[in-house]
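Comments concern the structure below.
Please read these numbers as outputs of a predicted model, since none were measured by experiment.
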Amino acid sequence: MRKYYSDDNGYIERSQWQHGFWLSVTRPDEDDTHFLLDKLHVPPMFLEYLGDPEELPRVEREDDWLMLILLIPVECSEEADMPFKTVPFGIITRGDGILITLCYHDNVIVDDFVKLSRKKCIRTVNKADFTLRIFYQTAFWYLHYLKTLTRDVVGAEKDLRRSVRNDDLIRLMHLQKSLVFFNTAIKGNVMLLGRVRTLFGDTVDTDLLEDVDIELRQADSTVGIYSDILENTLDAYASIISNNVNGVMKRMTGLTIILMVPTFVASLYGMNVDILIGHNRFAFWIIIFIAAVLTAAAFIWLRKIKWI
């Protein structure tokens with residue numbers, strides 16, 4: 001799916017392509033690919049790079065073409081094993097004024113940027129300005145999704161306080177997986193932002209660059225804090241589970257020892273030989289009494305050492 005936008009105190013969607021418009025392509029189909037390759041002559045390797053879900057933030061050049069690959073956050077489907085992931089997002093430019101963004105996944109970055117540009121009448125002076133504003137929107141949505149992840153972590157912790165269940169632990173592991181993806185992506189974007197000044201030179205708005213750098217570093221710091229908190233939480237619950245298992249095993253061992261006492265006495269007096277008090281008419285009750293006393297003594301001793 002492709003959309004065309006013109007910059008008129010905010011981006012306005014147009015029905016036809018004209019030179020100088022911004023072309024936004026999301027989930028390109030065969031027709032979109034044909035348009036990019038045959039009409040605009042975008043290098044095919046650019047599309048291959050962006051189609052790789054494991055691509056890292058970097059810069060690619062070919063002739064007059066320049067592509068910046070940054071990683072943006074997207075929501076996963078309910079069937080996925082994590083709530084959020086990161087995907088490549090390409091900003092492709094050519095020296096004669098062509099501006100293209102391309103992503104193989106649905107995302108909120110483009111639509112949100114368009115709405116914000118209309119609301120605040122934002123004009124992008126040049127390609128550097130456009131690139132920095134996309135970076136800014138990316139940092140904003142990382143922070144937004146991190147707040148959502150924080151609420152999910154707090155909710156999972158409350159559930160675990162009531163009862164330690166496998167589902168809640170698996171839920172925390174899925175949240176941790178999203179944070180790992182976020183952490184890697186944000187650090188890569190921070191490094192890529194450092195090259196923007198080199199790529200665009202004096203056309204870079206230093207104030208906007210500083211704002212974007214602050215937002216990205218805040219996201220980087222936030223995801224690091226949340227990752228540490230979640231990792232410590234999982235370690236703490238792992239220790240709790242291990243301690244509970246040890247407690248159960250100690251109690252089971254204590255009960256086994258207690259049950260062994262009357263079993264030993266009964267086995268001893270059950271042998272087919274002459275034994276002490278074997279001919280006494282009260283032998284049965286004496287044996288029961290001995291077994292009871294020894295069992296009570298074993299119970300008291302185990303309680304004293306806190307095994308049961």
Discussion item. Measuring from atom CG of L132 to atom CD of Q137, what distance do you get when rounded to the nearest 0.5 angstrom?
Written reply: 12.5 Å
Practice prompt. Calculate, to the nearest 0.5 Å, the distance between atoms CD and CG belonging to Q218 and L146 respectively.
Written response: 10.0 Å
Item to complete: Please report the shortest heavy-atom distance between I69 and L192, naming the atom on each side.
Response: O-CD2, 3.2 Å
Item to complete: Determine, using ring centers only, whether F181 and F84 are less than 6.0 Å apart.
Response: no
Fill in: Interatomic spacing from CD1 in I92 to CD1 in I100 - rounded to 0.5 Å
5.5 Å
Discussion item. Check this for me: K85, atom NZ, are more than 12 non-hydrogen atoms of other residues, nucleotides or ligands nearer than 6.0 Å?
Written reply: no
Worksheet item: Shortest non-hydrogen contact from P83 to L149?
Response: CG-CD2, 3.7 Å
Worksheet item: Taking atom CZ of R251 as the centre, does the number of heavy atoms from other residues, nucleotides or ligands within less than 6.0 Å exceed 12?
Response: no
Discussion item. Starting from Y145, can I reach L179 by hopping between I/L/V/M/F/W/Y residues whose side chains sit under 4.5 Å apart?
Written reply: yes
Fill in: Which atom of A185 lies closest to which atom of P57, heavy atoms considered
O-CG, 4.2 Å
Worksheet item: If you round to the nearest 0.5 Å, how far is NZ of K147 from CZ of R151?
Response: 8.5 Å
Discussion item. As a quick check of understanding, evaluate side-chain contact (heavy atoms from CB on, under 4.5 Å) for F299 and L294, giving each step before the final call.
Written reply: CA-CA 9 Å; F299 178 80; L294 292 177; over 6 Å; no
Worksheet entry | M45, CE: over 12 other non-hydrogen atoms inside 6.0 angstrom | yes
Practice prompt. Decide yes or no on salt bridge (Lys or Arg N to Asp or Glu O under 4.0 Å) for K115 and D111, but give the supporting numbers first.
Written response: CA-CA 6 Å; K115 292 177 182 178; D111 291 339; over 6 Å; no
Discussion item. What I want to check is whether the side chains of W65 and T93 have a donor and an acceptor closer together than 3.5 Å.
Written reply: no
Worksheet item: Can you name the closest pair of heavy atoms from V42 and L37 and give their distance?
Response: O-CD2, 3.3 Å
Discussion item. Quick check: Y136 with F113 (ring centres under 6.0 Å apart)?
Written reply: no
Worksheet item: Hey, any chance L99 and F46 share a hydrophobic cluster, counting ILVMFWY side chains that come within less than 4.5 Å of each other, even indirectly?
Response: no
Item to complete: Any chance you could measure T33, atom OG1, to L47, atom CG, to the nearest 0.5 Å?
Response: 6.0 Å
Worksheet, complete the sentence: Taken to the nearest 0.5 Å, the spacing of L50 CG from F89 CZ works out to 9.5 Å
Practice prompt. Identify whether NZ of Lys or CZ of Arg in R2 sits under 6.0 Å from the centre of the six-membered ring of F35 and within 45° of that ring's axis.
Written response: yes
Worksheet item: Does the side-chain contact (heavy atoms from CB on, under 4.5 Å) test come out yes or no for N189 and Y142, once each step is laid out?
Response: CA-CA 11 Å; N189 288 348; Y142 271 119; 3.7 Å; yes
Worksheet item: Would you find more than 12 non-hydrogen atoms of other residues, nucleotides or ligands less than 6.0 Å from R118 atom CZ?
Response: yes
Fill in: Check: W22 ring centre within less than 6.0 Å of Y4 ring centre
no
Practice prompt. Indicate the atoms forming the closest heavy-atom contact of Y104 with R27, along with that distance.
Written response: O-CG, 3.7 Å
Fill in: Distance-only side-chain donor-acceptor flag, T124 / D129, under 3.5 Å
no
Worksheet item: Which class fits the ring pair H144 and F140: parallel under 30°, tilted 30 to 60°, perpendicular over 60°?
Response: parallel
Discussion item. Which heavy atom of V110 sits nearest to which heavy atom of N107, and what is that distance?
Written reply: N-OD1, 3.5 Å
Item to complete: Please indicate whether W301 has more than 12 foreign heavy atoms, meaning atoms of other residues, nucleotides or ligands, lying under 6.0 Å from its CH2.
Response: no
